[in-house]
Amino acid sequence: MSLPQFAFASDNTAGICPEAMAAIQACNQGYHPSYGDDSITSQATEAFRSLFETNCDVYFVFTGTAANSLALASLCQSYHSVITHESAHIETDECGAPEFFSNGTKLLLTAGALGKLDPQEISRTVTKRRDIHYPKPRAISLSCPTELGTVYTPEELQAIGCVAREHGLKVHMDGARFAQAVASLQVPPRAITWEAGIDVLSFGGTKLGMPFGEAVVFFDRSLGEEFAYRCKQAGQLASKMRFLAAPWTALLANGLWQQMGARANAKALKLRAGLEGVPGVRLLYPTQANAVFAELPTKVHETLKAKGWRYYVFIGGGARFMCSWQTSEQDVNALLQDISTAEQ
Ligand SMILES: *Cc1c(COP(=O)(O)O)cnc(C)c1O
C-alpha cells in the first residue's frame, strides 16, 4: 500500500531505489567471505577512492547516528569537546550517542545563520576558555546539507577548515544527504571534503535510496586506524558486509548517486515554487537541497492533519517537507493542492 501522505515526512519514508535493490540481489549468489573480506566490499571501497580522487579509508555502518558518533569518538578523548551548530543532528536527534560512544566528549553548541557554523563563533568558542577546567576543543562537526536544507559553499567550508587548522581542530562532516549537497553545488566531491579540510565524512546511503547503510570516509587515514575495532564493539560490524556495500557499487557507478540527489532537490524546488504562489504561506529558508520549510496558517496545518499529511514542525520553526529520490510530480501536486485549497 502506498501512503502519499508520508511522502514529505522525511526522506527515509521512501523505499529502496531499483538500482540498490538490483545490486543487493546480484550479490545474493553463493558464498562470500564475511566481515568485509569480500570482493564487493573492496569494490565499493575502491569506488569511494575514485569518487573522492584520493586514497581514503572507508567503513560501512548501519545508521547515520552510528556513523557520526563513531567518527567523532575516533577523533576525541573523553575530556575533549566538539564544536557544532545548535541545530545539528548530533545534538538534537542522536539521543546522546556521540557523547556515549566517546565516553563523555562534550558538544559545544554555537549559533549561526541558516543552520551553518560561523567561523567567528567557532574561534570565539575555542578561545573563550583555555583552562584545565573546561573540556578541550578537539573537533568541529558540521552538517552539509544543514538540518535547515541549506548547503555550504566550498569557500565557506574552506573558511571553517582554516579556523580548524589555526586551532588544531579536526573536522567531521555529517553528510547524511551528501549526494544532495554535491548535486546542488555541482562541484567535484573533493571540493567540499578533503580539499576544504574535512578529515572524516559520514556519507549517507539511507536517504539516497538504500535500505540502510552509511559510509564513514576517513580522508585523514591515521584517524581511522582502529576504526574497525570501534565498529565491532558498537555492534556495527556487519558479518554480511557485502549487502551493506553492494548498493554503493551500483550508486557510485556512472554518477547515479548524484542524479538521485538531483532528483530529490528538483522536487523540493518544484514544491517551493508552488508554495510561493499560495497566499498566507511564508517560506523560511533558501531551498538548496531537498528540504522546504514553510510557515503555514494554523488552519492549513489542521486541514493537512485531517487529510493525513505527515511532516515535522519541531525543526527550524515551521513545517518541514522533505523530498526524496522517490517523490513524484503527483506527490508534489497533491500536497500543493491540499495546501492551496485549505480554508485559512
Ligand atoms: C537522517 C540524518 C542522520 C542519520 O540518522 P539515522 O536515523 O541515525 O540514520 C544524520 N544526520 C542528519 C543531518 C540526518 O538528517
Side-chain angles (χ1 to χ4, degrees), residues 6-16 20 59-73 82 84-102 107 109 112 114-117 139-152 157 171-184 192-193 198 200-217 231 234-236 238 244 247-248 260-261 264-265 268 285 287-293 310-316 320-327:
F6 285 77
F8 302 94
S10 179
D11 27 13
N12 55 24
T13 60
I16 306 167
Y59 299 86
F60 301 97
V61 297
F62 289 93
T63 69
T65 298
N68 288 341
S69 343
L70 297 176
L72 290 171
V82 174
T84 195
H85 194 274
E86 56 195 3
S87 68
H89 196 272
I90 57 167
E91 160 67 10
T92 62
D93 288 290
E94 300 191 355
C95 199
E99 294 91 332
F100 175 76
F101 283 109
S102 55
L107 301 183
L109 307 182
L114 303 176
K116 295 180 184 178
L117 285 177
I140 296 170
S141 176
L142 57 91
S143 307
C144 188
T146 68
E147 286 72 9
L148 301 184
T150 54
V151 176
Y152 287 90
L157 292 169
V171 190
H172 163 252
M173 178 185 278
D174 176 351
R177 304 183 177 97
F178 184 75
Q180 290 81 340
V182 174
S184 169
I192 59 164
T193 54
I198 305 295
V200 55
L201 164 72
S202 304
F203 191 149
T206 311
K207 288 169 182 161
L208 183 54
M210 296 179 195
F212 34 67
E214 320 278 300
V216 181
V217 184
C231 288
Q236 290 290 326
L244 272 186
W248 290 105
M260 303 279 286
N265 293 352
Y285 309 110
T287 299
Q288 293 170 342
N290 57 328
V292 181
F293 287 83
R310 303 291 179 92
Y311 51 90
Y312 289 132
V313 290
F314 68 86
I315 307 164
R320 186 195 75 163
F321 301 109
M322 293 302 312
C323 295
S324 70
W325 69 273
Q326 197 176 320
T327 311

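This structure is a prediction, so every number in the text was calculated from the model and none was measured. Residue numbers start at 1 and run along the sequence shown. Every number for a ligand or one of its atoms is a count from 1 in the order of the listing. Every heavy atom of this structure was used, including side-chain atoms; hydrogens, water molecules and symmetry mates were not.
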Heavy-atom nearest neighbour in the protein, as seen from atom 4 (C) of ligand 1, with distance rounded to 0.1 Å: Gly64 CA, 3.4 Å
Where ligand 1 meets Ala176 - atom numbers and elements under 4.0 angstrom, heavy-atom basis: 2 (C), 3 (C), 10 (C), 11 (N), 12 (C), 14 (C)
Donor + acceptor pair across side chains of Asn68, Ser202 (<3.5 Å): yes
Side-chain donor/acceptor of Trp325 to backbone N/O of Lys207, under 3.5 Å: no
Minimum-distance protein heavy atom relative to atom 7 (O) of ligand 1: Thr65 OG1, 4.5 Å
Donor-acceptor pair between Glu94 and His89 side chains, under 3.5 angstrom: yes
Proximal atoms of ligand 1 relative to Thr63 (non-hydrogen, under 4.0 Å): 8 (O), 9 (O)
Glu214 near ligand 1 by a heavy-atom separation under 4.0 Å: no
Whether Phe8 and Phe321 hold their rings parallel, tilted or perpendicular, with breakpoints at 30° and 60°: perpendicular
Gln288 side chain to Gly149 backbone, donor-acceptor under 3.5 Å: no
Options Lys207, His89, Met322, Glu147, ranked by nearest heavy atom to atom 15 (O) of ligand 1, top entry: Lys207
Ligand 1 contacted by Asn68 (non-hydrogen, < 4.0 Å): yes
Glu91 vs Glu147 side-chain heavy atoms within contact, under 4.5 Å: no
Pairwise side-chain contact, Phe293 with Arg320, heavy-atom cut-off 4.5 Å (strictly under): yes
Numbered atoms of ligand 1 (with element) below 4.0 Å of Arg177, judged on heavy atoms: 15 (O)
Atom 11 (N) of ligand 1: nearest protein contact (heavy atom, Å): Asp174 OD2, 2.6 Å
